[in-house]
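Note sheet for the following structure.
Note on naming: letters A, B, ... go to the chains in the order of the sequence lines (proteins, then strands), and numbering restarts at 1 for each one. Heavy-atom basis, side chains included; hydrogens, waters and symmetry copies ignored. All values derive from a computational prediction rather than experimental measurement.
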Amino acid sequence: MIFQVTGRRGYREYQPGATFEAAHDEPIGRALAMGAITVIDRTTPAIDPGRFTPPDGWPNHEQEEKH
Amino acid sequence: MAKRIALKDYIGVDGHDLSDLARSVAFTSEHANVDVSGFNATGATETLAGQTTQSVTVEFFGSYGSGEVHDVLYHLHRDRSVFGFQWRPDQTAGASSTNPQLSGNVQALTYGPGATRGDVEAFSVTFTAADSAGLVFSAS
């Protein structure tokens with residue numbers, strides 16, 4: 001998740017107004033409740049289709065299903 | 001190695017930068033002195049280093065604004081929370097071998113703000129190491 005420091009003081013060494021990426025853990029929850037930071041974006045890890053394919057010459061998914 | 005006037009220290013509590021609301025910091029790490037003496041000809045005592053107790057005491061200015069000392073510390077004390085603590089000599093530089101950072105998970109077992117008429121409100125809070133990793137100095 002991406003957060004922004006919204007309080008008047010630094011958080012995790014990020015200055016007010018700065019954005020940072022972190023997991024939503026217990027300290028982050030406390031900082032959110034205090035209003036020291038806010039959620040800017042929720043990132044969802046994903047691999048784009050077509051990326052990270054097997055090397056050339058390796059059987060692809062369709063060929064494997066035929067066997 | 002140059003001598004130092006403490007001016008630019010960084011104090012981080014549960015991620016919050018409380019540096020400018022603190023005016024002193026003191027770290028203590030003590031191994032218990034365990035007597036393992038047996039009978040011997042000299043009567044001398046033999047000891048081993050036992051359990052390690054670590055704490056760091058910070059003197060804070062009483063401040064009650066959003067994100068300030070009371071807002072950060074009171075809930076951590078009340079809820080018996082375990083949280084991160086950091087201290088390094090120079091806040092304008094990252095941790096390094098010449099700017100070592102003390103860090104670890106701690107608890108605020110005591111919290112006692114107080115005030116005296118006409119005086120600057122300041123009080124000490126002792127953070128006690130809360131897990132087996134302890135409070136350690138590191139260069140990163």
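- Annotation: Arg80(B), atom CZ; neighbour count of heavy atoms from other residues, nucleotides and ligands within 6.0 Å does not exceed 12.
- Counted within 6.0 Å of CD on Glu121(B), heavy atoms from surrounding residues, nucleotides or ligands total more than 12; the atom is thus considered enclosed.
- Atom CZ of Arg4(B) has more than 12 neighbouring heavy atoms from other residues, nucleotides or ligands inside a 6.0 Å radius.
- Taking CG from Asp14(B) and OH from Tyr11(A), the interatomic distance works out to 6.0 Å, rounded to the nearest 0.5 Å.
- For a residue to count as touching a neighbouring chain, one of its non-hydrogen atoms must lie under 4.5 Å from one of that chain's; by this rule Arg12(A) touches chain B with backbone and side chain alike.
- Under a cut-off of 6.0 angstrom, the local environment of OH in Tyr74(B) is sparse, with at most 12 non-hydrogen atoms contributed by other residues, nucleotides or ligands.
- With rounding to the nearest 0.5 Å, the separation of CZ in Arg8(A) from CD in Glu68(B) is 5.0 Å.
- The shortest side-chain heavy-atom distance between Leu76(B) and Arg30(A) falls under the 4.5 Å cut-off.
- Counted within 6.0 Å of CD on Glu59(B), heavy atoms from surrounding residues, nucleotides or ligands total more than 12; the atom is thus considered enclosed.
- In this structure, the side chains of Val72(B) and Arg9(A) stay at 4.5 Å or more apart for every pair of heavy atoms.
- The side-chain heavy atoms of His75(B) and Met34(A), taken from C-beta on, include no pair separated by under 4.5 Å.
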